[in-house]
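In what follows, a single structure is set out as structure tokens and then discussed.
Here the structure is a predicted model, which means the values were calculated and not measured.
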Amino acid sequence: MIETIDNIIPKSHQDQLLNTVTDLAFDWHYMEDVTYVEATERGQNTPGFANLLVNGTQRSGKESLFMAPLNEYLYRTNQKLAALHRMRLGCLLNNSDLEHNNKHVDYNFPHKVALYYLNTSDGDTLVWDDDIVTKVTPQKGRFFVFDGSMPHASSCPKEHSTRIVLTYNFTTQ
């Protein structure tokens with residue numbers, strides 16, 4: 001199951017979210033590796049920035065600002081949110097020549113992954129379904145959903161300076 005919906009929310013709301021995360025007052029936190037909390041192998045890590053809005057029961061207090069894309073998706077697909085396991089903003093920089101960052105699965109239990117792209121950039125998301133690789137290019141307002149059991153990887157922009165994406169890990173009822 002892979003779905004892509006462009007302009008999931010109105011362009012005025014897209015602009016508001018991008019302006020929020022690019023404002024100097026917004027908190028970004030340095031990560032030695034954008035895939036994992038702790039860096040893994042030397043030479044395979046890509047530094048970047050993140051803001052962990054939801055992590056299990058921990059809430060930042062700012063998560064409600066970023067729920068519109070997920071809520072609209074759930075409404076359009078007639079689904080109800082059972083649990084929001086994690087919501088994380090990620091800012092990848094033009095700082096890597098790797099084809100893609102570390103291939104991974106976020107959780108080892110049934111869940112869905114949704115990506116909401118806050119800006120237009122290069123730096124595709126790759127998702128592996130057996131021998132088939134799906135590549136999705138970041139486009140402002142694009143919402144991309146797939147089964148969380150599918151390995152996936154981000155990639156850093158080469159032509160643009162940043163790639164800003166909001167990741168939701170969730171289950172539905």
Side-chain angles (χ1 to χ4, degrees), residues 1-9 13-14 17 21 27-29 31-40 44-46 48-92 100-119 121 123-156 163-173:
M1 179 246 1
I2 294 178
E3 296 176 80
T4 303
I5 303 168
D6 286 335
N7 296 312
I8 189 82
I9 58 174
H13 200 160
Q14 294 174 32
L17 292 179
V21 303
D27 293 328
W28 286 103
H29 306 277
M31 294 182 67
E32 190 174 340
D33 182 67
V34 295
T35 306
Y36 301 109
V37 174
E38 294 183 17
T40 53
Q44 294 299 309
N45 300 307
T46 304
F49 295 89
N51 185 304
L52 194 56
L53 298 163
V54 172
N55 190 20
T57 59
Q58 289 184 296
R59 300 289 195 260
S60 68
K62 295 182 181 178
E63 65 275 5
S64 62
L65 294 172
F66 300 95
M67 285 300 295
L70 179 59
N71 286 338
E72 182 62 23
Y73 168 76
L74 294 169
Y75 174 77
R76 289 186 189 187
T77 58
N78 198 30
Q79 298 180 69
K80 292 189 191 265
L81 185 65
L84 180 59
H85 306 289
R86 185 173 66 174
M87 184 188 325
R88 183 179 93 162
L89 283 157
C91 180
L92 277 68
H100 59 78
N101 296 315
N102 293 312
K103 183 177 173 181
H104 66 283
V105 172
D106 295 333
Y107 293 105
N108 291 320
F109 56 81
H111 69 287
K112 294 178 184 179
V113 176
L115 304 176
Y116 173 74
Y117 299 102
L118 281 88
N119 69 327
S121 181
D124 291 351
T125 301
L126 290 77
V127 178
W128 286 264
D129 186 5
D130 296 324
D131 294 335
I132 300 168
V133 179
T134 299
K135 293 183 180 184
V136 175
T137 301
Q139 181 71 38
K140 184 178 180 181
R142 179 169 286 165
F143 194 78
F144 174 50
V145 184
F146 56 94
D147 185 302
S149 67
M150 300 166 89
H152 55 279
S154 60
S155 58
C156 291
R163 171 190 186 267
I164 304 173
V165 64
L166 175 56
T167 303
Y168 303 91
N169 298 102
F170 65 102
T171 52
T172 56
Q173 48 184 355

- Item | Any side-chain heavy-atom pair of Val54 and Tyr168 under 4.5 Å | no
- Item | Residue Gln58 excluded, over 12 heavy atoms near CD under 6.0 Å | no
- Message: Quick one about Asp147 and Ser149 (side-chain donor to acceptor, distance below 3.5 Å, no hydrogens or angles considered), yes or no?
- Response: yes
- Minimal heavy-atom distance between Leu74 and Phe170, with the atoms involved, is CD2-CE1, 4.2 Å
- Query: So, do Asn101 and Cys156 sit near enough that their side-chain heavy atoms are less than 4.5 Å apart?
  - Reply: yes
- Query: Is the closest side-chain heavy-atom distance between Leu17 and Ile9 below 4.5 Å?
  - Reply: yes
- Item | Criterion side chain to side chain contact (heavy atoms under 4.5 Å, CB included) on Thr134 and Phe146, from CA distance to verdict | CA-CA 10 Å; Thr134 299; Phe146 56 94; over 6 Å; no
- Note on the structure: The side chain to side chain donor-acceptor pair (under 3.5 Å) partner of Asn7 among Lys140, Gln14, His13, Gln139 is Gln14
- Message: Using side-chain heavy atoms (C-beta onward) and a distance below 4.5 Å, is Gln79 in contact with Lys112?
- Response: yes
- Message: Suppose we screen for side chain to side chain donor-acceptor pair (under 3.5 Å). Which residues come up paired with Asp6, at least two apart in sequence or across chains?
- Response: Arg142
- Please work out which of the three classes, parallel, tilted or perpendicular, describes the rings of Phe143 and Tyr73, given edges at 30° and 60°. tilted
- Query: Minimum heavy-atom separation for Ile164 to Cys91, with atom names?
  - Reply: CG1-SG, 4.1 Å
- Between Leu53 and Glu63 the two heavy atoms that sit nearest each other are O-OE1, 3.8 Å
- List for me each residue that meets salt bridge (charged side-chain N to carboxylate O under 4.0 Å, His left out) alongside Asp129, sequence neighbours excluded, and say none if there are none. none
- Task: Evaluate side chain to side chain contact (heavy atoms under 4.5 Å, CB included) for Leu118 paired with Leu89, printing each intermediate quantity in order.
- Result: CA-CA 9 Å; Leu118 281 88; Leu89 283 157; 4.0 Å; yes
- Query: If you take all heavy atoms of Ala83 and His85, which pair is closest and at what distance?
  - Reply: CB-CE1, 3.6 Å
- Task: Show your reasoning for whether side chain to side chain donor-acceptor pair (under 3.5 Å) applies to Asp124 and Ser155.
- Result: CA-CA 6 Å; Asp124 291 351; Ser155 58; 5.6 Å; no
- Message: Around atom OH of Tyr75, are there more than 12 heavy atoms from other residues, nucleotides or ligands closer than 6.0 Å?
- Response: no
- Item | Exercise: identify the closest heavy-atom pair between Tyr117 and Pro138 | CD2-CB, 3.4 Å
- Query: Closest heavy-atom contact between Asn55 and Tyr107?
  - Reply: OD1-OH, 4.2 Å
- Query: For Arg76, which residues count as a salt bridge (charged side-chain N to carboxylate O under 4.0 Å, His left out) partner, sequence neighbours excluded?
  - Reply: Glu72
- Task: Working to the nearest 0.5 Å, report the span between OG of Ser60 and CZ of Arg88.
- Result: 14.0 Å
- Pair Val136-His152, side chain to side chain contact (heavy atoms under 4.5 Å, CB included): steps then yes or no: CA-CA 11 Å; Val136 175; His152 55 279; over 6 Å; no
- Query: Below 4.5 Å, heavy atoms only, C-beta onward: do Met67 and Leu84 meet side chain to side chain?
  - Reply: yes
- Message: To the nearest 0.5 Å, what is the distance between CG on Leu52 and CG on Asp27?
- Response: 12.5 Å
- Query: When rounded to the nearest 0.5 angstrom, what is the spacing between OG1 in Thr125 and CZ in Phe144?
  - Reply: 6.5 Å
- Query: Does the side chain to side chain contact (heavy atoms under 4.5 Å, CB included) test come out yes or no for Leu92 and Ser154, once each step is laid out?
  - Reply: CA-CA 9 Å; Leu92 277 68; Ser154 60; 3.6 Å; yes
- Euclidean distance, Thr46 OG1 relative to Asn102 CG, rounded to 0.5 Å: 7.0 Å
- Interatomic distance, OG1@Thr77 vs CD1@Ile5, rounded to 0.5 Å, equals 7.0 Å
